[in-house]
S.K.: 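Okay, here's the structure, questions in a sec.
One-based numbering, in listed order, for ligands and for the atoms of each. Below, each value reflects all heavy atoms present in this structure, side chains not excepted, and no hydrogens, waters or symmetry copies.
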Amino acid sequence: MAIHNKSHSNHALMSLNKLRKDNNLKQKSSKDFEKPNEVMVSLNIMDCCDFLKTLPDESVQLICIDPPYNLELAGWDIYDNYIEWAAKWLDEAYRILSKNGSMVIFGGFQFRDVKSGDLIDIIQYARHNTKFKLINTIVWYYKNGMSAHRYFANRHEEAIWLVKTNDYYFDLDTVRVPYSEEDLKLALKDKRLNPENTMKGKNPTNVWQIGRLNGNSKERVGHPTQKPVEIIERFVKALSYPGSVVLDFFAGSGTVGRVCISEGRHCLMCDSDKTSIEYFNKHIEQLKENKKDANYKSVKTIDEFFDILNEDK
Ligand SMILES: C[S@@+](CC[C@H](N)C(=O)[O-])C[C@H]1O[C@@H](n2cnc3c(N)ncnc32)[C@H](O)[C@@H]1O
């Protein structure tokens, strides 16, 4: 049984509780956890660096962020010194992430000039200035995109998957993709493959073909850089477990929150733009239309969020 802890600022008690739970998370899968009857969602309108300071050490299982790409797409997408800014939230993210946790960062390799920054600079910073380990670079490949005449039209973005320790939680079975009938027959004959795993489906690999949201996509809620639910779902299912805490501090429309509600994860979100609230409400309307709106409770303060979480343990 967890030690009762009323205040999330009591880091010593929180860490003890976590240690007990984390011990064998590496061997667990989502089947070992019950989906909570109600999940908590907290959407905070403020600067991410201020928001992160309010979160306890090692309190989050998955951080899944889609930061500004530094492409000057909007006012929030221009930085004089991108990596100096990104370093602030990367360091805080490391502190907040649990020992078995994962961090996913979307981005691109759109190198333009020495002064701008992109995912390459983030990898470089994480490698040389933090203790994060890079597990995968996932290539998100899509067939729909802009045309180009002076270069090859771009059809991919990347996401990096970082962890703190080798004991990271990873549930491959939740995201396996089914074999075609023909491929399954061949795979079952392949002596190098374990037939039990083969029957569960294929590893999706680190190249994911998922369509981008078109302007007229039903999923669109109005945010200019909204990510498809399918891509976020894969990360949330594989890298977090029911009842765990997922954090997105560049929430945009709140796609991560939407997936957390359908998948039974608690979710902390932050965005500096208050329009996020309107976008997120549209996600909720869609969940209701699709009958995927599991019970969720909107929680206003971080203290309340962690108090309820600790009482439930
Ligand atoms: C690429 S978008 C995220 C889109 C999101 N993945 C979705 O599916 O809707 C990045 C978001 O980061 C927010 N943002 C930019 N700078 C920020 C900051 N310093 N603190 C918090 N949010 C910020 C922007 O307002 C924008 O909504």
S.K.: Using atom types as modelled and distance alone, determine if a side-chain donor or acceptor of Asn44 lies under 3.5 Å from a backbone N or O of Met46.
M.R.: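 Side chain of Asn44 to backbone of Met46, a donor-acceptor pair under 3.5 Å: no, none is there.
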S.K.: So, are Glu157 and Lys227 salt-bridged, with charged N and O less than 4.0 Å apart?
M.R.: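 Counted as a salt bridge, because a side-chain N and a carboxylate O are separated by less than 4.0 Å.
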S.K.: Which word best sums up how the rings of Tyr82 and Trp85 line up, parallel for under 30°, tilted for 30 to 60°, or perpendicular for over 60°?
M.R.: tilted
S.K.: If you measure every N/O of Thr255 against every N/O of ligand 1, is any gap under 3.5 Å?
M.R.: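 It does: an N or O of Thr255 is found under 3.5 Å from an N or O of ligand 1.
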S.K.: For Asp248, is at least one N or O under 3.5 Å away from an N or O on ligand 1?
M.R.: no
S.K.: Under 4.0 angstrom from ligand 1, any heavy atom of Phe249?
M.R.: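 Judged by the 4.0 Å heavy-atom criterion, Phe249 does count as contacting ligand 1.
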S.K.: Based purely on interatomic distance, does Gln226 place a nitrogen or oxygen under 3.5 Å from a nitrogen or oxygen of ligand 1?
M.R.: no
S.K.: For Asp273 and Thr275, which I'm curious about, is there any donor-acceptor pair between the side chains at under 3.5 Å?
M.R.: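 Asp273 vs Thr275: donor-acceptor pair found between side chains.
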S.K.: Considering Val256, Ile232, Asp66, which one's heavy-atom position lies nearest to atom 10 (C) of ligand 1?
M.R.: Asp66
S.K.: Do any N or O atoms from the side chain of Lys164 and from the backbone of Leu97 form a donor-acceptor pair under 3.5 angstrom?
M.R.: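 Between the backbone of Leu97 and the side chain of Lys164 there is a qualifying donor-acceptor contact (under 3.5 Å).
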S.K.: Would Phe250 count as a polar contact of ligand 1, with the cut-off being nitrogen or oxygen pairs under 3.5 Å?
M.R.: no
S.K.: Within the 4.0 Å heavy-atom shell around Asp273, which atoms of ligand 1 are there?
M.R.: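 Those of ligand 1 that fall under 4.0 Å from Asp273 are 25 (O).
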S.K.: In this structure, are over 12 heavy atoms from other groups packed under 6.0 Å from Lys31 atom NZ?
M.R.: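 It does not: Lys31 NZ has 12 such atoms or fewer within range.
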S.K.: Is the shortest distance from a heavy atom of Ala251 to ligand 1 less than 4.0 Å?
M.R.: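 Yes, Ala251 has heavy atoms under 4.0 Å from ligand 1.
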S.K.: Quick check: Trp85 and ligand 1, any N/O pair under 3.5 Å apart?
M.R.: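 Such a contact does not occur with ligand 1.
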S.K.: Looking at Glu84, I'd like to know if its CD atom is crowded, meaning that more than 12 non-hydrogen atoms belonging to other residues, nucleotides or ligands lie closer than 6.0 Å.
M.R.: no
S.K.: Looking only at distances, can you tell me whether any N or O atom of Ser276, backbone or side chain, sits closer than 3.5 Å to an N or O atom of ligand 1?
M.R.: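 No, since none of the N or O atoms of Ser276 sits under 3.5 Å from an N or O of ligand 1.
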S.K.: Answer yes when Arg95 and Glu92 have at least one side-chain N-carboxylate O distance shorter than 4.0 Å, and no when they do not.
M.R.: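 Here Arg95 pairs with Glu92 in a salt bridge, since their nearest N and O are under 4.0 Å apart.
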S.K.: Below 4.0 Å, non-hydrogen atoms only: which portion of Lys227 touches ligand 1? Side chain, backbone, both or neither.
M.R.: both
S.K.: Specify whether His223 and Tyr279 have parallel, tilted or perpendicular ring planes, treating 30° as the upper limit for parallel and 60° as the lower limit for perpendicular.
M.R.: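 Ring orientation, 0 to 90° scale: perpendicular.
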S.K.: Distance under 4.0 Å to a non-hydrogen atom of Ser253: what atoms of ligand 1 satisfy this?
M.R.: 7 (C), 8 (O), 9 (O)
S.K.: Do ligand 1 and Thr225 have nitrogen or oxygen atoms that lie under 3.5 Å from each other?
M.R.: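 So ligand 1 has no N or O lying under 3.5 Å from an N or O of Thr225.
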S.K.: If you count the atoms of ligand 1 from 1 in the order shown, which ones are under 4.0 Å from a heavy atom of His223?
M.R.: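 So the answer, numbered in order with elements, is 2 (S), 4 (C), 26 (C), 27 (O).
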S.K.: May I ask you to list the atoms of ligand 1 that are less than 4.0 angstrom from any heavy atom of Asp47?
M.R.: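 The atoms of ligand 1 under 4.0 Å from a heavy atom of Asp47 are 18 (C), 19 (N), 20 (N).
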S.K.: Just so I know, are the side chains of Ile284 and Lys288 near enough to count as touching, which here means a heavy-atom distance under 4.5 Å?
M.R.: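 The answer is yes, as the side chains (C-beta and beyond) meet within the 4.5 Å cut-off.
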